[in-house]
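Everything below concerns the one structure shown next.
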Amino acid sequence: MSAENPITSPTPEPTNAPGRAEMPVDGRSGADVASGSNHYISWGARSDVGLVRSHNEDSFLLRTPLFAVCDGMGGHAAGEVASSIAVETIAATAPSNADDALLGAAIESANLAVIKGAEDGRGKPGMGCTASAVLIDGNRMAVAHVGDSRVYLLHHGTLVRVTRDHSYVEELVDAGQITADEARTHPSRSIITRALGSDPDMYADHFTLEVVNGDRVIVCSDGLSSMVPDSEIEALATSSATPQQAADNLVSAALTAGGADNVTVVVVDVMNDGVADATRQRLLRRALHNFGAVAIVLVAVFALVLYIARTGWYLAPNGDTVGIYEGSPSDFNGIDSSELVETTTVEVSDLPAAVQDQLSRGIVMNSEQEAHETVESYRDQIDADKAKAGQTAEEVKAEAGDTATEPTGAEGEAAAATDGTTTDGTAADGTTDATTTTEGGNQ
Ligand code: MG
């Protein structure tokens with residue numbers, strides 16, 4: 001955008017924000033930042049007020065893997081507010097993957113936010129800004145763009161501008177009326193045909209590119225592109241070892257060329273050639289394959305053990321009676337591996353205490369037939385015991401009856417006493433009967 005202020009700050013005070021992708025930073029935007037997720041990117045950035053302007057209206061966003069530059073317009077306390085609102089909104093609404101349509105929608109949301117900011121008194125009416133944003137996800141780079149800030153791609157030493165300026169001079173170039181280099185110094189170069197902050201229906205250009213290992217992405221305000229020809233940008237970008245050095249060298253070149261505008265440069269190096277992704281995916285597939293194989297084996301072993309555990313038979317209590325179970329009386333890793341097959345009428349309490357104790361732990365049988373035979377033996381034993389017990393009772397009863405017809409002991413004595421005779425031959429009246437006295441017989 002054009003210079004609108006007198007030279008009041010001949011000594012620039014750059015606001016650098018160098019760092020790695022793992023250290024997301026936003027440039028004086030106050031935008032919300034979050035931790036990055038793409039570890040195959042290295043970046044550097046520098047923003048400078050330039051040698052003409054009194055303040056820097058550019059804002060930039062470094063939120064890995066999202067990067068953006070917004071060039072504000074509208075004068076002091078307006079342009080920087082517009083660009084700050086824009087990067088805040090882009091940061092808040094951008095997608096997490098390389099979806100260029102959603103990235104364009106984020107810029108369109110930023111447009112509405114800038115308009116609303118002016119209406120709400122944040123900044124000034126008429127403020128606006130450009131917006132150029134990239135989001136690198138693996139080998140895909142989503143690009144969304146409005147205005148005359150630019151995105152360049154340095155690929156194999158060749159610089160390619162991937163965005164088209166929304167400017168009057170760009171239209172002249174497209175019409176063949178001027179060259180690109182003439183556009184850079186054209187008197188009307190500051191006239192932009194699309195920007196954030198005025199038209200609610202404004203839309204963003206957006207597309208996706210493939211990027212490969214070694215590619216260098218440059219996002220910049222026109223403070224660079226209007227001051228430094230693309231050929232020099234290409235040379236500096238190619239010769240700079242790191243993204244930060246590239247950003248520094250490019251900003252320095254803009255200042256050397258006059259620094260007529262705020263200049264902001266964000267440089268991102270792509271270090272993912274796809275091999276890393278392919279390797280990671282291959283390892284992931286292998287891990288999943290191995291895990292699947294191990295899981296299958298474990299399931300098979302588990303099923304086999306469970307099958308073996310459930311192929312046996314045993315007897316155990318089922319409530320008050322003896323039950324016939326299929327399986328094992330022991331749990332298999334906490335899993336009950338048995339099933340009640342039959343409930344018998346054999347009462348556990350009718351069995352000997354030793355058998356009851358064995359039943360409580362489960363008595364393993366070799367077969368279902370053996371289980372049934374054992375239950376029948378229990379039943380026979382119980383019946384025999386009961387029969388024996390009943391016979392014994394009858395015998396006791398019968399013996400008790402015999403004793404009643406032939407009294408002995410005390411009963412005989414009582415009967416004799418009623419006859420007036422004692423067992424010792426002493427008569428009730430105190431006389432002695434020699435014929436019934438056993439002791440007297442010996443005398
Ligand atoms: Mg500018």
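Just so you know, ligand 1 is whichever comes first in the structure, and atom 1 is the first atom listed for that ligand. Residues take their numbers from the sequence shown, with the count starting at 1. Note that the structure is predicted; figures quoted are calculated from it, not measured.
A salt bridge links R379 to E376: one of the charged nitrogens lies within less than 4.0 Å of a carboxylate oxygen. Contact check on D357 versus R361 returns a salt bridge, with a Lys/Arg side-chain nitrogen under 4.0 Å from an Asp/Glu carboxylate oxygen.
For Y325, the ring-ring contact (aromatic ring centres under 6.0 Å, His included) criterion is met by Y314, not counting sequence neighbours.
Within the cation-pi definition used here (under 6.0 Å to the ring centroid, within 45° of the axis), R194 qualifies as a partner of Y203.
At a cut-off of 2.8 Å, D148 is not counted among the residues with an N, O or S atom near the Mg ion (ligand 1). Contact annotation: D58 places no N, O or S atom under 2.8 Å from the Mg ion (ligand 1).
For D261, the N, O or S atom with the smallest separation from the Mg ion (ligand 1) is OD2. Taking the Mg ion (ligand 1) as reference, D71 places its N/O/S atom OD2 nearest.
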